[in-house]
Novice: 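One structure coming up, written as structure tokens, with questions to follow.
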Amino acid sequence: MNSKAQPSAATAQPRILKIAVPIPLFGAFDYLVPESLRQHSFIPGCRVEVPFGRRTAIGVILEQTDHSDLALSKLKPIRALIDTEPMLDARILDLLRWAAAYYLHPIGEVVQAALPGLLRQGKTDAAMVIKVWTARDGVSTSDLESLNRAAKQKHILQILLNNPDGLDEAYLNENHPNWRPAMKALLEKALVTCAEQASLPAARPVLSQAPLLNEEQQQAIAAIGHDLDQHHIHLLHGITGSGKTEVYLALSQQVIASGKQVLVLVPEISLTPQLTERFEQRMGCPIAVLHSGLNDQQRFSAWHAAAIGHARLVIGTRSAIFTPLPDLGLIIIDEEHDGSYKQQEGFRYNARDLALVRSQKENIPVVLGSATPSLESLHNVNRQRFQIHPLKQRARSQSVTRIQLLDMCSQPIQEGMSAALLVKIDEHLQQGNQVILFLNRRGFSPLLMCHDCGWMTRCKRCDANMTYHKHKHQLHCHHCGAETRSPTKCGDCGSEQLLAIGTGTERIENFLTERFPDVHINRIDRDTTRRKGALEDKLQQAHAGGASILVGTQMLAKGHDFPNVTLVGVLDTDQALYSADFRAAEHLAQLIIQVSGRAGRADKPGEVLIQTHHPDHPLLQTLLHKGYEKFAEAALFERQQAGFPPHRHLVILRCGAIRKELGIQFMTEARELANRYNANGVDVFGPWPAPMEKRAGRFRTQTMLQSSDRKALHQLLRQWLPQLQQLKSAKQVRWSIDVDPYDTF
Ligand code: ADP
Ligand code: ZN
Ligand code: ZN
């Protein structure tokens with residue numbers, strides 16, 4: 001036994017901080033509190049500046065302790081304490097720790113994901129006051145004339161007059177470069193004023209009232225609202241237009257009235273502006289909206305308003321699940337089946353699943369809503385973990401949408417469209433209605449091919465063809481982002497006979513413009529909506545009414561309300577029916593039901609036509625004749641047979657290597673390690689090449705872990721991962737772990 005005298009309390013007790021530093025290494029890092037900072041308290045969730053290698057990093061305190069596994073002499077002192085109040089509260093830190101352990105991702109990067117950019121950069125509150133510029137009271141358009149000789153000033157003043165709430169610096173910087181001299185001149189002429197704002201969202205007056213709710217809505221609200229003080233998981237399964245949003249609104253009002261906050265997650269805000277607007281018009285409380293379109297300052301303000309409890313309702317996308325909310329009382333996940341809740345790179349988490357964890361930890365209810373619930377959720381209903389609340393009727397019109405299969409076999413086809421579909425399109429247009437054509441492939445054609453020798457436009461860095469974008473005269477690889485000018489000659493034999501093979505949205509648009517010269521054709525895909533505001537413009541055009549055709553990718557299937565659409569054509573289903581992806585059938589069914597919900601929402605009956613060469617496919621037959629629930633039952637059974645989620649849990653180790661042998665070596669060693677630690681019968685498969693073996697110049701391999709026992713799986717992972725990191729071969733490849741992967745690519 002060590003019999004040394006205890007050091008006197010005043011001198012020794014080292015103060016050690018466990019800090020999440022944003023680097024891709026597992027675990028927290030230990031630092032010392034230097035003598036000069038001893039008088040401060042170090043609360044978990046406060047940011048600190050620490051030396052890391054040769055640079056300074058911004059980290060977050062996870063814990064204060066007097067113990068380190070390392071020798072004290074090895075520890076460095078922190079450089080500075082940034083916050084005196086925690087930026088992340090204890091509950092969020094707890095959730096983040098859980099997520100880091102579950103998804104096996106470095107805690108430093110996980111904590112980073114929860115912080116708005118400005119805080120990550122180490123900025124402090126004081127630096128974040130927003131300056132807002134407004135036209136001075138009494139200034140009007142008539143004052144513009146006095147500025148005829150100063151075009152820039154005139155322009156800026158016009159913009160301020162158009163935006164009576166004022167514009168902040170960040171907005172001006174982004175949209176009107178070089179605005180400062182003009183603004184300064186306007187200020188000197190006393191035409192504008194500048195104010196510093198605390199930047200908290202204000203409560204808006206209630207602008208619209210709830211409709212009289214129907215029986216199903218009332219039942220759902222009563223059942224969910226009956227016990228809001230405890231953790232329960234509810235699945236609101238309501239067909240499109242059944243009034244799910246009304247249920248969210250009513251429950252939110254109830255929760256907010258009881259002094260709590262509500263968190264609403266949506267897949268993509270730009271795709272569902274109506275939802276945000278409805279909350280804003282109804283709630284009468286300060287609302288914070290968090291989405292990817294915000295600049296750093298706007299994002300911080302919204303986050304801050306939520307974190308101090310000022311905003312009573314928060315609407316946000318995936319990462320909003322990490323927003324600190326001191327009085328959180330309810331989480332709502334709209335379109336819970338949507339794939340965008342899963343982060344596909346870096347910290348690969350699923351916000352829907354984390355919402356379930358958060359609601360359990362905080363002992364609050366969570367409502368998942370969808371017209372086409374994920375198979376995972378329906379499985380949980382079967383196991384009685386989730387309580388289901390069906391909404392089977394459309395809230396407004398009673399019109400029924402008819403879904404029909406169009407057998408494509410031996411039919412005349414033009415640009416991927418059967419003659420029968422073209423006739424239907426014509427009919428609906430004649431009646432002054434709108435048509436949606438859905439094709440999940442952008443560009444003109446998926447490849448160019450030489451008519452003389454069969455040469456194809458392959459991507460040099462991927463096992464894939466390059467898509468032809470005719471209008472831009474370019475070839476794009478949709479997998480690695482490579483872009484080149486489109487060739488005029490065959491790369492092999494020099495022939496000029498290049499054929500565009502296959503159909504993308506651009507080609508459909510071109511064809512329809514010729515076929516229906518008097519009809520407005522509106523293409524909505526990632527290529528046509530890149531510019532800020534472009535999507536909004538296009539949606540507005542669609543809303544204006546009049547005969548028109550919307551051609552688009554899955555963007556069209558999400559949340560939009562197209563009141564004048566009476567016909568939806570789904571152009572290609574065959575690929576999904578026979579895809580290697582285990583979720584492909586589920587996605588196809590969801591897509592068909594979702595797009596069907598876009599037809600005939602108003603008082604016009606809708607019609608959906610699905611083109612396929614496999615009209616007898618059992619999944620299509622079940623979906624069309626027996627409905628989504630029966631389809632889900634059948635699909636769940638198939639998953640069970642195949643040993644896929646939700647019946648068995650999946651983890652994929654992915655690896656990409658510049659040279660194939662390097663990847664194989666790493667994976668083989670990884671596999672051996674997995675065998676060594678596998679005490680509980682986890683199935684380990686592979687390594688095998690990824691379905692697309694080469695992407696962006698890297699050869700990709702996968703090893704798959706499967707088990708119906710989540711604990712066993714994680715036990716293996718916890719032992720496996722630290723060993724993988726130690727492998728020499730790991731340093732020569734890029735590898736990642738994906739827990740509950742969304743796909744197996
Ligand atoms: P969902 O979210 O299920 O697609 P919404 O809540 O958006 O459905 O409702 C569809 C439309 O029906 C909206 O315009 C909404 O205002 C309206 N609506 C919803 N519930 C009712 C009701 N009980 N009575 C009348 N209109 C309703
Ligand atoms: Zn050729
Ligand atoms: Zn490529």
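Residue indices begin at 1 and follow the sequence shown. For ligands, and for the atoms within them, numbers begin at 1 and follow the listed sequence.
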Novice: Nearest non-hydrogen atom to atom 1 (P) of ligand 1 belongs to which of Q393, K244, R394?
Specialist: K244
Novice: Go through the steps to decide whether H587 and Y742 satisfy the test ring-ring contact (aromatic ring centres under 6.0 Å, His included), and finish with yes or no.
Specialist: CA-CA 11 Å; H587 292 325; Y742 194 65; 5.2 Å; yes
Novice: Using a strict 4.0 Å cut-off to heavy atoms of E246, name the atoms of ligand 1 that fall inside it.
Specialist: 6 (O), 16 (O), 19 (C), 20 (N)
Novice: Around the Zn ion (ligand 2), what protein N, O or S atoms are found below 2.8 Å?
Specialist: C450 SG, C453 SG, C490 SG, C493 SG
Novice: Judged by atom type as modelled, is there a donor-acceptor pair below 3.5 Å linking the side chain of K244 to the main-chain atoms of G238?
Specialist: yes
Novice: Protein N, O or S atoms at less than 2.8 Å from the Zn ion (ligand 3), how many?
Specialist: 4
Novice: Answer yes or no: is there an ion pair linking E376 with R583, defined by an N-O contact shorter than 4.0 Å?
Specialist: yes
Novice: Where the closest heavy atom to atom 24 (N) of ligand 1 is concerned, which of A210, P211, S370, A371 has it?
Specialist: P211
Novice: Looking only at distances, can you tell me whether any N or O atom of G243, backbone or side chain, sits closer than 3.5 Å to an N or O atom of ligand 1?
Specialist: yes
Novice: Would you confirm whether R507, through its side chain, and G502, through its main-chain N or O, come within 3.5 Å as a donor-acceptor pair?
Specialist: yes
Novice: Do R282 and S252 get their side chains close enough for a donor-acceptor pair, meaning under 3.5 Å?
Specialist: no
Novice: Side chain, backbone, both or neither: which part of S242 has a heavy atom under 4.0 Å from ligand 1?
Specialist: both
Novice: Using only atom types and a distance under 3.5 Å, with no angle test, would you say the side chain of K342 pairs donor to acceptor with the backbone of P741?
Specialist: no
Novice: For ligand 1, find out whether one of its N or O atoms is nearer than 3.5 Å to an N or O atom of G238.
Specialist: no
Novice: Just to check, does R278 reach to within less than 4.0 Å of ligand 1 when the distance is taken from its heavy atoms?
Specialist: yes
Novice: Would you mind telling me if ligand 1 is within reach of the side chain of E335, the backbone, both or neither, using heavy atoms under 4.0 Å?
Specialist: neither
Novice: Does some non-hydrogen atom of L391 fall short of 4.0 Å from ligand 1?
Specialist: no
Novice: Do R442 and T467 touch side chain to side chain, with heavy atoms closer than 4.5 Å?
Specialist: no
Novice: Provide the number and element of each atom of ligand 1 under 4.0 Å from a heavy atom of N214.
Specialist: 23 (N)
Novice: Could you list the atoms of ligand 1 found under 4.0 angstrom from a heavy atom of L212?
Specialist: 22 (C), 23 (N), 24 (N)
Novice: Can you confirm whether H226 is buried at NE2, in the sense that more than 12 heavy atoms of other residues, nucleotides or ligands lie under 6.0 Å from that atom?
Specialist: no
Novice: Any non-hydrogen side-chain atom of E345 less than 4.5 Å from a side-chain atom of Q343?
Specialist: yes
Novice: Need the ligand 1 atom indices (1-based, order shown) with element for anything under 4.0 Å from a heavy-atom of I239.
Specialist: 3 (O)
Novice: Would you confirm whether R318, through its side chain, and S340, through its main-chain N or O, come within 3.5 Å as a donor-acceptor pair?
Specialist: yes
Novice: So, R278 side chain and T276 main chain: donor-acceptor pair closer than 3.5 Å or not?
Specialist: no
Novice: Within the structure provided, determine whether P390 and E216 are in side-chain contact (heavy-atom separation under 4.5 Å).
Specialist: no
Novice: Starting at NZ of K630, measure out to OG1 of T622 and round the result to the nearest 0.5 Å.
Specialist: 10.0 Å
Novice: Do Q540 and E536 pair up side chain to side chain, a donor and an acceptor below 3.5 Å, judged on atom types alone?
Specialist: no
Novice: Surrounding NZ of K660 (heavy atoms of other residues, nucleotides or ligands, distance under 6.0 Å), is the total greater than 12?
Specialist: no
